[in-house]
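Note sheet for the following structure.
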Amino acid sequence: MSSPSAVQRAALIAPELHGALLAWYDGVRRDLPWRAAPGQPANAYHVLVSEIMLQQTTVPTVLQRFGGFVQRFSDIDALAAADLDDVLHAWQGLGYYRRARGLHALARKVVSDHGGALPHTVEGLSTLPGIGPYTAAAVAAIAFGTPVLAVDGNVERVLSRLFEVDTPLPAARPELRRLADALAPSVRPGDAAQATMELGALVCRPRSPGCLTCPISAWCAAQAAGRAADLPLKSPKRERPERFTIAFLVRRQDGAVLFRKRPPTGVLASMVELPSTRWSDTPQEPGAVIASSAQAESRSPVAAAWHRVPGSVRHVFTHFALTVTVLRGPPDAVDVPSSEQIWRRPDAFGSLALPSLTKKVLAHAGLA
Ligand code: SF4
């Protein structure tokens, strides 16, 4: 564990270290559409949207989606005025739709409680929906020049190595936060925050740290001790629980497929899926499910001669994995009027907010 002297050392070396880091960053910084040109003020809305998109999604994927999103919802007012369904639709391809719902709720709160202007401080930003400690610090530093170092996975790795932190992650997080606070940059805070993240992504890589070309190697304890690639230490991962469900592919004679909307809270909230049984901890037998007369959520949506699509679909969420067995009915379902039913022909699937799980299930059934 880093001693109090590690925090003192961090404060001591901060000015020189940031000087070296910023000089390096000025030479390698990537032009990204949400990044302000050198010396120009940042667009706070663009910074916010990009930071939320970049949680759990890579830069190349965000680059494909960012422009279209900010063109469709050009500022926080436009986003707040939009329907959630439209926001979810524009989020397709980025996954983790919880972020889109959080961003939409955030926009509405900023408009209703803050007159449409984002708070400038870490504390103010932290009160908004969908904003965790990392995003609050990143937006405060990059958009508003607050002297704070945002700690993402890349920065955790750099700090663990720089100060040779032996506490495994995630238990090391409070210690890393103290070191980050001691290193908080007073000069060009936004660039310093991005430079540290960029160093972690491009040089201080997880498996093969590029110590020979690293601009801050002179201050790095792990490099001096020959332990760079061994840090950060990590606690053993817990096994991911398994869940199971059966999805029903119901088609009309014109080819349209029956979908439904998931509940407004919980996993994949408000997203569109095929009618399915309740997700359970044990595998479900298709024969028993079809015959079941139990609750509606654990039986087939219509009476039909079902055929199992060979194989299954496995989808990994953050906290569990789901295995989906797909049953296909004959193409003669009738359109029963119901507000919960959504019928779409395959050439119009694009008009729905389909999460990747539903897309995988459709592909498995030969429909995508
Ligand atoms: Fe990372 Fe090596 Fe640089 Fe240390 S010297 S910060 S381990 S790349």
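These numbers come from the heavy atoms of this one structure, side chains and all, not from hydrogens, waters or symmetry mates. Whatever order the structure lists them in is the order used to number ligands and atoms, beginning at 1. Being a predicted model, the structure only gives us computed values, none of them experimental.
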Note to self: Checking a contact table here: which protein heavy atom is nearest atom 4 (Fe) of ligand 1, and how many Å away?
What the structure shows: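 Here the closest protein heavy atom is Cys220 SG, 2.4 Å.
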Checklist line | Nearest-neighbour protein heavy atom for atom 1 (Fe) of ligand 1, which is reported as residue plus atom name and distance | finding: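 Scanning the protein heavy atoms, the shortest distance from atom 1 (Fe) of ligand 1 goes to Cys204 SG, 2.4 Å.
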Checklist line | Arg101 versus Ser270, side-chain donor and acceptor atoms under 3.5 Å | finding: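 Note: Ser270 and Arg101 side chains miss the donor-acceptor criterion.
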Just which atoms of ligand 1 are under 4.0 Å from any heavy atom in [X]?
X	value
Ser217	5 (S)
Gln223	5 (S)
Ala228	7 (S)
Arg161	7 (S)

Check: Can you say whether the rings of His46 and Phe66 are parallel (under 30°), tilted (30 to 60°) or perpendicular (over 60°)?
Finding: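 Rings of His46 and Phe66: perpendicular, over 60°.
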Check: Should the pair Arg65 and Trp91 be classed as cation-pi, given the thresholds of under 6.0 Å to the six-membered ring centre and 45° from the axis?
Finding: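 No cation-pi geometry.
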Next item on the list: With Arg240 as the cation and Phe320 as the aromatic partner, state whether NZ or CZ is under 6.0 Å from the six-membered ring centre and within 45° of the axis.
Entry: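 No, a cation-pi geometry is absent between Arg240 and Phe320.
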Check: For atom 3 (Fe) of ligand 1, which of Ala229, Ser208, Ala222, Cys214 has the closest heavy atom?
Finding: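 Minimum heavy-atom distance to atom 3 (Fe) of ligand 1 goes to Cys214.
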Check: Is it the side chain, the backbone, both or neither of Cys211 that has a heavy atom closer than 4.0 Å to ligand 1?
Finding: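 It is both backbone and side chain that touch ligand 1.
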Margin query: If you count every heavy atom of other residues, nucleotides or ligands that lies below 6.0 Å from Gln56 atom CD, does the total exceed 12?
Written below: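 Yes, CD of Gln56 has more than 12 neighbouring heavy atoms, counting only those of other groups under 6.0 Å.
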Note to self: For the NZ atom on Lys359, are there more than 12 heavy atoms of other groups (residues, nucleotides or ligands in this structure) within a distance under 6.0 Å?
What the structure shows: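 Above 12, so yes.
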